[in-house]
A.B. asks: 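Below is a structure I'd like to ask you about.
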Amino acid sequence: MTRERAWETLTRYTQSEALRRHALAVEACMGAYARRFGEEEELYRVVALLHDFDYERHPTLDKHPQDGAPILREEGYPENVIEAVLSHAEHLQLPRDTLLKKTLFACDELSGFVHACGLVRPDGLATLEPRSVRKKLKQPSFAAGVHRDEVYRGAEELGLELDEHIENVVEAMRPIAPELGLRG
Ligand SMILES: [Fe+2]
Ligand SMILES: [Fe+2]
């Protein structure tokens, strides 16, 4: 099971550039956290790349991500990967009882929000600081699709201060800014 294989699966099911970029952003964050935690980096990256792999095919909550699970099983992914993928969905109410699951949940919404912050800045993520991310989180009209409660809860469940988590996520995404369509 490799990151390359997961990327291949993702891109076979997902044509949308925005969804591919979302997967890459979450992957960068998960990779950084795996290194920080001394966890298996490849596993974290695979789960990140696959967590929304079926979203294009199943864009509604009655199907995503649960109907993607049998496809992943057929593709030969192990149960721990599938279980982690399923756990990111709030509506399934599965326990986030591992560091892997907590990390995915914590990086999913926040990386999307940080991405949105980077898109409106002339230098992308280069000088983005937690303070300005926090300020934007309090503006409901900015990136309105991002669930604020999930951003706050994600950091909490991971046991991190929000500022530290923001810092980590921004730092992880900076090196791949061009792939994410960001300046700087
Ligand atoms: Fe999802
Ligand atoms: Fe996602």
Side-chain angles (χ1 to χ4, degrees), residues 3 6-34 43-73 75 77 79-119 125 133 136-137 142-158 160 162 165-166 168-170 172-173 176-177 179-182:
R3 182 266 167 212
W7 174 253
E8 190 276 318
T9 302
L10 169 70
T11 51
R12 196 150 27 85
Y13 286 90
T14 304
Q15 304 314 310
S16 149
E17 174 138 80
L19 277 173
R20 288 182 180 191
R21 282 175 171 167
H22 170 59
L24 288 173
V26 177
E27 184 202 8
C29 301
M30 295 275 287
Y33 271 123
L43 170 66
Y44 274 54
R45 288 185 178 274
V46 165
V47 165
L49 289 173
L50 294 177
H51 85 281
D52 281 338
F53 94 99
D54 68 324
Y55 193 77
E56 204 167 275
R57 172 176 293 217
H58 305 139
T60 52
L61 292 184
D62 61 324
K63 293 203 163 83
H64 168 74
Q66 53 274 33
D67 287 8
I71 302 176
L72 291 179
R73 218 161 269 136
E75 298 269 344
Y77 289 99
E79 286 306 311
N80 63 329
V81 166
I82 296 167
E83 202 186 288
V85 164
L86 288 173
S87 76
H88 88 272
E90 281 284 81
H91 64 279
L92 298 181
Q93 295 189 296
L94 297 168
R96 282 187 289 273
D97 50 5
T98 64
L99 200 47
L100 173 64
K101 295 176 188 175
K102 291 183 214 280
T103 308
L104 174 61
F105 183 71
C107 294
D108 191 8
E109 293 293 288
L110 183 58
S111 67
F113 193 79
V114 164
H115 202 161
C117 291
L119 284 170
L125 303 177
V133 175
K136 285 248 183 315
L137 280 168
F142 182 82
V146 173
H147 299 103
R148 270 54 173 181
D149 56 318
E150 293 186 18
V151 169
Y152 299 127
R153 204 142 32 81
E156 228 175 82
E157 287 182 17
L158 207 49
L160 293 176
L162 183 60
H165 183 38
I166 293 172
N168 293 341
V169 162
V170 172
M173 288 170 61
I176 61 157
E179 287 104 299
L180 300 178
L182 297 169

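Remember, it's a predicted structure, so these values are computed and weren't measured experimentally. By convention here, the first residue in the shown sequence is residue 1. All ligand and atom numbering here is 1-based and tracks the order in the structure.
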A.B. asks: Does Arg148 pair with Glu109 as a salt bridge, N-O distance under 4.0 Å?
C.D. replies: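 Salt bridge flag = no for Glu109 with Arg148.
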A.B. asks: Ignoring hydrogens and geometry, is there a side-chain-to-backbone donor-acceptor pair from His115 to Leu180 under 3.5 Å?
C.D. replies: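 Between the backbone of Leu180 and the side chain of His115 there is a qualifying donor-acceptor contact (under 3.5 Å).
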A.B. asks: Tally of protein N/O/S atoms under 2.8 Å from the Fe ion (ligand 2)?
C.D. replies: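 Protein N, O or S neighbours of the Fe ion (ligand 2) under 2.8 Å, waters not counted, come to 4.
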A.B. asks: Apply side-chain hydrogen bond (donor to acceptor under 3.5 Å, both in side chains) to the pair Thr9 and Tyr77, showing each step before the final yes or no.
C.D. replies: CA-CA 10 Å; Thr9 302; Tyr77 289 99; 2.7 Å; yes
A.B. asks: Enumerate the salt bridge (Lys or Arg N to Asp or Glu O under 4.0 Å) contacts for residues 83-97, please, sequence neighbours excluded, ordered by first and then second residue.
C.D. replies: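 Found Glu83-Lys101, Glu90-Arg96, Glu90-Arg153, Arg96-Glu157, Asp97-Lys101.
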A.B. asks: Does His51 reach the side chain of Met30, with side-chain heavy atoms less than 4.5 Å apart?
C.D. replies: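 Side chain of His51 against side chain of Met30, heavy atoms only: no contact under 4.5 Å found.
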A.B. asks: Might you work through the side-chain hydrogen bond (donor to acceptor under 3.5 Å, both in side chains) test for His165 and Tyr152, ending with a clear yes or no?
C.D. replies: CA-CA 10 Å; His165 183 38; Tyr152 299 127; over 6 Å; no
